[in-house]
Amino acid sequence: MKKKTYSSLENALRILDLFTMEKSEYSIREISDQLGIAYSTAHRLVKNLEDEGFIVKDSILNSYRLSVSILSLSSVVTAHTKLISNSTYLLKKLSSQFKATVQIGVMHREHVYYINKTDYEHLIMGYVTYIERKVPLHYTSAGKILLSQLSEEEIIHYSEQYLLTATAFSNIEDFLDELKHVKTNGYAISADEHYQDFITVAAPLKNTSGHIIAAIELIYPNDAKLLRTIEQRAKEFKKVCEKIRLNS
Amino acid sequence: MNETYSIHTIKNAMNILKLFTKENPEWKLSEISKQLHLNISTTKRLLVTLEDYGYILRDSQSKRYRLGYMFLHLSEIITTTMEIRKEARPVLEELVQKLDEAVHLGVLEGTDIAYLDKIESKHPIRLNSHIGKRNPSYCTACGKIMLAYQKEEKREKLVKKIEENGIVRYGQNTVASAHELITQLKEIQKQGFAICIDEFYQGISIGAPVYDYTNDVIAAISVTGRSNRITKEDIPYFTQEVIRAAKKLSKMLGYFN
């Protein structure tokens, strides 16, 4: 396989990309291993990011974590993304109607970003798995909805680039088939794929001019009984979502 | 690759991100390039990379840039993994109800204090603090608490660094020297709270330490208000309530002492 070379800025951004809910601290050694860059390079990039206030060193553990300063930038995003403020009421309504945690996802490059969420407390309680805000498109049902809107060419391009890591699809053809179904059905279901603890159901969300701008996703704890009736629930959910026009 | 060139690249890219604020959430390519004294092609190249990684979005109609969804992802990691924020919320809410002045939860980042959370009073006033904001530690109550309760070796290092970076007189009572700062920090550690009057612009802030189960001070709680709202006579009561809140939170975090 051809090895991609990254610029310094790209490597700096790849460092920020390493942090997750499960692993929120990294040593320089770990960073250099994970990114396949020299220790000295990792060290220099980490210092740059630290100087700029994006990461901080934990003096006790001698490792680095994301800086609290990032919260001020995320608050700018929250304050100025209409889709976030305009979807809060809708998500609450859907959450109580479908008795699920509900989130709204938008696509950027090869990821779905979940920009707003309403928890359905009783169901999620006791589950330790965190739901990340940024997930590769083919991992989740919202991602599949968004992918299915792309042209066939774009879908094939995506599959060739990113599907190698997928476990659920033995080959690209299976995946393309599933996306075709998703598009005809108007909903997507994921169970036991990348979030083993959850069953998710997603449908497209349109804006006031009728364009699909996002996907809405229901999240349930994985449960055999629910799994048997999930198709029916997905159809109901799709019907509800079809009627919605959200101002963005 | 040329070393200085790449350092500037990262610095310039991060400076682009920092341009975006609640007041100025959208920027044009030409405005960014002008503001940061970068030529258009350099600016464009940085923006393309930042957009690829989700830090920037470009509105195809208005041709303006805004911050990308990647920040939501990163902030979720910060707020979820820093559990203290979740634990502290009810304690801060109770404190703001009692005192009706803005309360903060601060942690140390480098030599700065960074606000992990803030709750406004019912009469919000313009303070130089918001969630995620970094302020100098040597002239804020949360900051002084965090400095005072470091292990001696670490504290010396921090004070030395503060001195090297230069102590700025933000208010009429800001400490003038590292020596004065150390004397104050020792006093703060002895008494268990910090009071700053007109040290960071005008106003009074009172802070107390939050411990966790390891017996380390991991954060500080403070209340801040203008001098015309918190009078000298109020100080003992405010101090007592801030200490009480900090103790309550410490207990929730597993501190027994």
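None of these values were measured; they are calculated from a predicted model. Each chain gets a letter, A, B and so on, in the order its sequence line appears, and its residues count up from 1.
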Check: Of the backbone (N, CA, C, O) and the side chain (C-beta and beyond), which part of B/M82 lies under 4.5 Å from a heavy atom of chain A, both, or neither?
Finding: side chain
Item checked: Heavy-atom closest pair, residues B/M14 and A/L13 -> CE-CD2, 3.9 Å
Notebook entry, point to check: Out of curiosity, A/S74 OG to B/I131 CD1, how far, rounded to the nearest 0.5 Å?
Noted result: 9.0 Å
Notebook entry, point to check: What is the distance from atom CD1 of A/I55 to atom CG of B/L74, rounded to the nearest 0.5 Å?
Noted result: 11.5 Å
Next item on the list: For residues B/H130 and A/S75, determine if any side-chain heavy atom of one lies less than 4.5 Å from a side-chain heavy atom of the other.
Entry: no
Notebook entry, point to check: With a 4.0 Å cut-off, would you call A/K134 and B/E76 a salt bridge?
Noted result: no
Next item on the list: Can you measure from NE2 (A/H80) to CG (B/L57) and round to the nearest 0.5 angstrom?
Entry: 13.5 Å
Next item on the list: Tell me, for B/L108 versus chain A, whether the close heavy atoms (under 4.5 Å) come from the side chain, the backbone, both or neither.
Entry: backbone
Item checked: Option passing side-chain hydrogen bond (donor to acceptor under 3.5 Å, both in side chains) with A/S69 (candidates B/K133, B/R134, B/K18) -> B/R134
Margin query: Could you measure the distance from the NE2 atom of B/H8 to the CG atom of A/L9? Nearest 0.5 Å is fine.
Written below: 14.0 Å
Next item on the list: Sort B/D52 into side chain, backbone, both or neither according to what part of it lies under 4.5 angstrom from a heavy atom of chain A.
Entry: both
Item checked: B/Y115 versus chain A, the contacting section by heavy-atom distance below 4.5 Å -> backbone
Check: Tell me, side chain or backbone of B/E51 under 4.5 Å from chain A's heavy atoms, or both, or neither?
Finding: both
Notebook entry, point to check: With side chains defined as the heavy atoms from C-beta onward, is the minimum distance between B/Y53 and A/E10 less than 4.5 Å?
Noted result: yes
Check: Hey, does B/Y69 have a side-chain heavy atom less than 4.5 Å from the side chain of A/T81?
Finding: yes
Check: Can you find a pair of side-chain heavy atoms, one from B/L72 and one from A/I84, that are under 4.5 Å apart?
Finding: yes
Note to self: Are the side chains of A/V76 and B/R66 in contact, using a 4.5 Å heavy-atom criterion?
What the structure shows: no
Item checked: Which of A/V106, A/L73, A/I70 touches chain B most, by non-hydrogen pairs under 4.5 Å -> A/L73
Note to self: If I take atom NZ from residue A/K23 and atom CD1 from residue B/I77, how far apart are they, to the nearest 0.5 angstrom?
What the structure shows: 12.5 Å
Check: If you tally heavy-atom pairs under 4.5 Å against chain B, which of A/V77, A/D51, A/D17, A/L49 wins?
Finding: A/V77
Next item on the list: May I ask you to name which of A/A12, A/S72, A/A79 has the most heavy-atom pairs under 4.5 Å with chain B?
Entry: A/S72
Next item on the list: Let me know if A/L16 has heavy atoms under 4.5 Å from chain B in its side chain, its backbone, both or neither.
Entry: both
Item checked: Pick from B/M70, B/R85, B/E26 with the largest number of heavy-atom pairs that fall under 4.5 Å of chain A -> B/M70
Next item on the list: Could you grab the distance from atom OG of A/S24 to atom CD1 of B/I78, nearest 0.5 Å is fine?
Entry: 10.0 Å
Margin query: Quick check on the interface: out of A/K47, A/H108, A/E50, who has the most heavy-atom pairs with chain B under 4.5 Å?
Written below: A/H108
Check: Given A/R65 and B/T81, is the side-chain hydrogen bond (donor to acceptor under 3.5 Å, both in side chains) satisfied, shown in steps?
Finding: CA-CA 10 Å; A/R65 61 168 172 81; B/T81 55; over 6 Å; no
